[in-house]
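Step one of this worksheet: look at the structure below.
Proteins get letters first, then strands, A, B, ... in listed order; numbering begins at 1 in each.
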Number of protein chains: 2
Amino acid sequence: MRDSKIIDVARKADVSPATVSRVLNGSPLVTGKTKEKVLQAIQELNYTPNAMGKQLRSRKTMTLGVVVTDIGVAYNAEIIKGIENTANGLKYKILICDSQNEREKELEFLSLLQNRTVDGLILVTPQLTDSEIFSFADEDYSIGIIGRQINHPFIPCCFTDNIRIGREVVQHLMEQGHCRIAYISGYADAPDSIGRQEGYREELESAGLTFIPELMDIGDFDEQGGYEAFKRLRAKNQEFTAVFTANDEMALGVYKACAELKISVPESMAVVGVDNIRITNYVEPKISSVEQPLYAMGALLAEKLIDQMNGSVRAEQQLFMLHSTIMAKGSSVKGG
Amino acid sequence: MRDSKIIDVARKADVSPATVSRVLNGSPLVTGKTKEKVLQAIQELNYTPNAMGKQLRSRKTMTLGVVVTDIGVAYNAEIIKGIENTANGLKYKILICDSQNEREKELEFLSLLQNRTVDGLILVTPQLTDSEIFSFADEDYSIGIIGRQINHPFIPCCFTDNIRIGREVVQHLMEQGHCRIAYISGYADAPDSIGRQEGYREELESAGLTFIPELMDIGDFDEQGGYEAFKRLRAKNQEFTAVFTANDEMALGVYKACAELKISVPESMAVVGVDNIRITNYVEPKISSVEQPLYAMGALLAEKLIDQMNGSVRAEQQLFMLHSTIMAKGSSVKGG
DNA sequence: TCCTCTATTGAAATCGATTTCATTTCTCTT
DNA sequence: AAGAGAAATGAAATCGATTTCAATAGAGGA
């Protein structure tokens, strides 16, 4: 059965489509007997307004696109939840793109903004360059970014204070008595790597300790990378009693290396990661980690972006920097 | 700047909108100089066909809705990936609903089928009842289900052979010398719980062992539930040397209980779970688990559903039962 | 050169709902 | 009871692209 259209309802209720539309949209113009008739007809025909007709006329899809590199990673899933929940509350739906790190796919998805399949787009992708993103930004295309700061007149960004993360981790480790602390970054050019390293250095120096470049290595954000980086660090013959890894995956790699090298955590080596992924609580000892307000980041940016989309005036760029929390556990607290 | 419409391109190229449309859609009718002119105009205006206009006319949104109870759970994320990738390959996009187990939200999302926001819908939700789903199924609404079998003339389903999972786990445990094996199910009425229990029982009996109802308990699919169920089982004074939990979360609970009760795994207690989540490889000893072909399930169902949506004739109901693989690890293989 | 037949092209209808603007119907006053 | 003003209703335009069907231009044959 073809579903019924507004004209069918109109005929059945013996009114015009305009009147039906008014009833549907709660206009105060239609009341009493007429309204009754229309409601009756709607009910009898089990009529539901067609979304496409509505969207075409209103020039709105009430849909937000979200691009992530991998939906299976807890980091992204949590952000998506924040976005989705907030968006749903504001009557928006979520179109997802799991790019699997293919920039092709990400760029293609961006074009959904241009053809108006989505009203706005949120990017959670470290890989696109600023200029690639700028090329899609337009007075009239709403883009928002999470996990990264970008300088553009009207692209809102929500990210964490990476410098502060670095400082707090180092501070925490110093409180535990460490003064030779290594740092394993992710990709060298990732803002997260750089910011956390910056904080690491700042805190060391402001504590009067010397910053030793040899105590830093690169682990590409994954377990294997962390494992290898740790081994390289050890090979340098520079003493250190603690490692700060820019994420938990690399901390897991450090654990693996320590197990192989018979280095006990935390007695001989303290470890602190970032993201506080679930596994940190299931390994022995539990991995101390910095928890980022991911859900809140998603929720906040979704709200601001939708605001901006519906606001008549486009405000100046909005930057939202949120703070993280260090969760001290067994890997950095002796007897903890 | 308002984006340009087909009429703008038409004027610029000095042809009619019909001709522009033909060029856009690769019609062989327009060629040579005319085609050139149009392409030129499209380029100059940076024209992109508006999706809503297109959709309204074609009565297709090229969008698939996906309802999951929690996007953050690896089980769902993997299925979504399978769906998304396949759908994208067929030019479909994915609209996600993370219901957080609220049936309200799931039902609301189902109405997107009715108002034609999506062309089809895939449900990965154990909680809606068959009849609730049936009430939305219609000759003309395409619904597919993953992880559950449903009997309806045209709702395709993709699920795993739960009985076989139960049988294979028990078989594996018997091979390791166990003959008193406990079973901890998830929610009592979940098809996964029931099917796995069925297989558990069948295999025991076909091996000539007695099936002992006291060796079964319910753990609600989460860690805490598994923990409690294991303690209750122990309290019954019925000997057992192995536990089969209907998922890995509950196996983690069993680990916790064993640690408390100083029961060593696998020496005094073998454990096997289902889902093979990542954590199973990070605890000591690693948890043996059954890996389901989740990605494949998502991919397969997406393909079949889209086929069905586009096929002129609606075939009889399609049921796809896939098989899982047991991954034997330390928790069920001594010295393994 | 004229005519027929084919290859291109365009005008207008369509998809389904909303909204403006004009028209009709009421409701009060006096 | 008549007229002014307010309230309710509908006709038609609109959103943007596609497609049918009719019309035109062009090619080839006689």
Please tabulate, for side-chain N and O atoms in residues 38-46 of chain A, each donor-acceptor pair with protein atoms closer than 3.5 Å (sequence neighbours left out).
from	atom 1	to	atom 2	distance (Å)
Gln40(A)	NE2	Glu44(A)	OE2	2.5
Glu44(A)	OE1	Lys12(A)	NZ	3.3

Output a table of donor-acceptor pairs, distance under 3.5 Å, between side-chain atoms of residues 145-153 of chain B and any protein atom two or more places apart or on a different chain; print 'none' if there are none.
from	atom 1	to	atom 2	distance (Å)
Arg148(B)	NH1	Thr125(B)	O	2.8
Arg148(B)	NH1	Pro126(B)	O	3.4
Arg148(B)	NH1	Leu128(B)	O	3.0
Arg148(B)	NH2	Leu128(B)	O	2.5
Arg148(B)	NH2	Asp130(B)	OD1	3.0
His152(B)	ND1	Phe154(B)	N	3.3

request  = Rounded off to whole Å, could you give me the CE-to-P distance for the Met52(B) and dA17(C) pair?
outcome  = 16 Å

query = Roughly how many Å is it from CG in Asn115(A) to C1' in dT18(D), rounded to a whole number?
reply = 16 Å

ask   = Tell me: CG of Asn25(A) to C1' of dT20(C), nearest whole Å?
value = 15 Å

inquiry  = Between Glu108(B) and Arg103(B), does any NZ, NE, NH1 or NH2 come within less than 4.0 Å of an OD or OE carboxylate oxygen?
reply    = no

Within residues 65-77 of chain A or reaching into it, pairs that qualify as side-chain hydrogen bond (donor to acceptor under 3.5 Å, both in side chains) - sequence neighbours excluded = Asp70(A)-Lys81(B)

ask   = Does a side-chain heavy-atom distance below 4.5 Å link Leu95(B) with Phe109(B)?
value = yes

request  = Check the distance between dC15(D)'s P and Leu56(A)'s CG and give it to me in whole angstrom.
outcome  = 9 Å

Upstream residue (5' side of DNA chain C) when Asp14(B) and Asn50(A) are each assigned their closest nucleotide = Asp14(B)

key: Which nucleotide in dC15(D), dA17(C), dT18(D) has an atom nearest any side-chain atom of Lys5(B)   = dC15(D)

All side chain to side chain donor-acceptor pair (under 3.5 Å) counterparts of Asp275(B), not counting sequence neighbours = Gln292(B)

message = Between C1' on dA17(D) and CD on Gln55(A), what's the gap in Å once rounded to a whole number?
response = 15 Å

key: Whole-Å gap separating P (dA17(C)) and CG (Leu24(A))   = 8 Å

Taking only N/O atoms, report every protein-nucleotides 12-14 of chain C pair under 3.5 Å with atom names and distance.
from	atom 1	to	atom 2	distance (Å)
dT14(C)	O2	Arg57(B)	NH1	2.6

inquiry  = For Glu102(A), give me all partners under side chain to side chain donor-acceptor pair (under 3.5 Å), at least two apart in sequence or on another chain.
reply    = none

With sequence neighbours excluded, residues passing side-chain contact (heavy atoms from CB on, under 4.5 Å) with Asn162(B) = Thr160(B), Ile165(B), Asp192(B), Arg196(B)

task = Sequence neighbours left out, what passes side chain to side chain donor-acceptor pair (under 3.5 Å) with Thr129(A)? Give chain and number order.
result = Ser131(A), Glu132(A)

Integer-rounded Å distance: dC15(D) P and Ile6(A) CD1 = 18 Å

Expected rows: protein N/O vs nucleotides 4-9 of chain D N/O, under 3.5 Å:
from	atom 1	to	atom 2	distance (Å)
dT9(D)	OP1	Thr34(A)	OG1	2.4

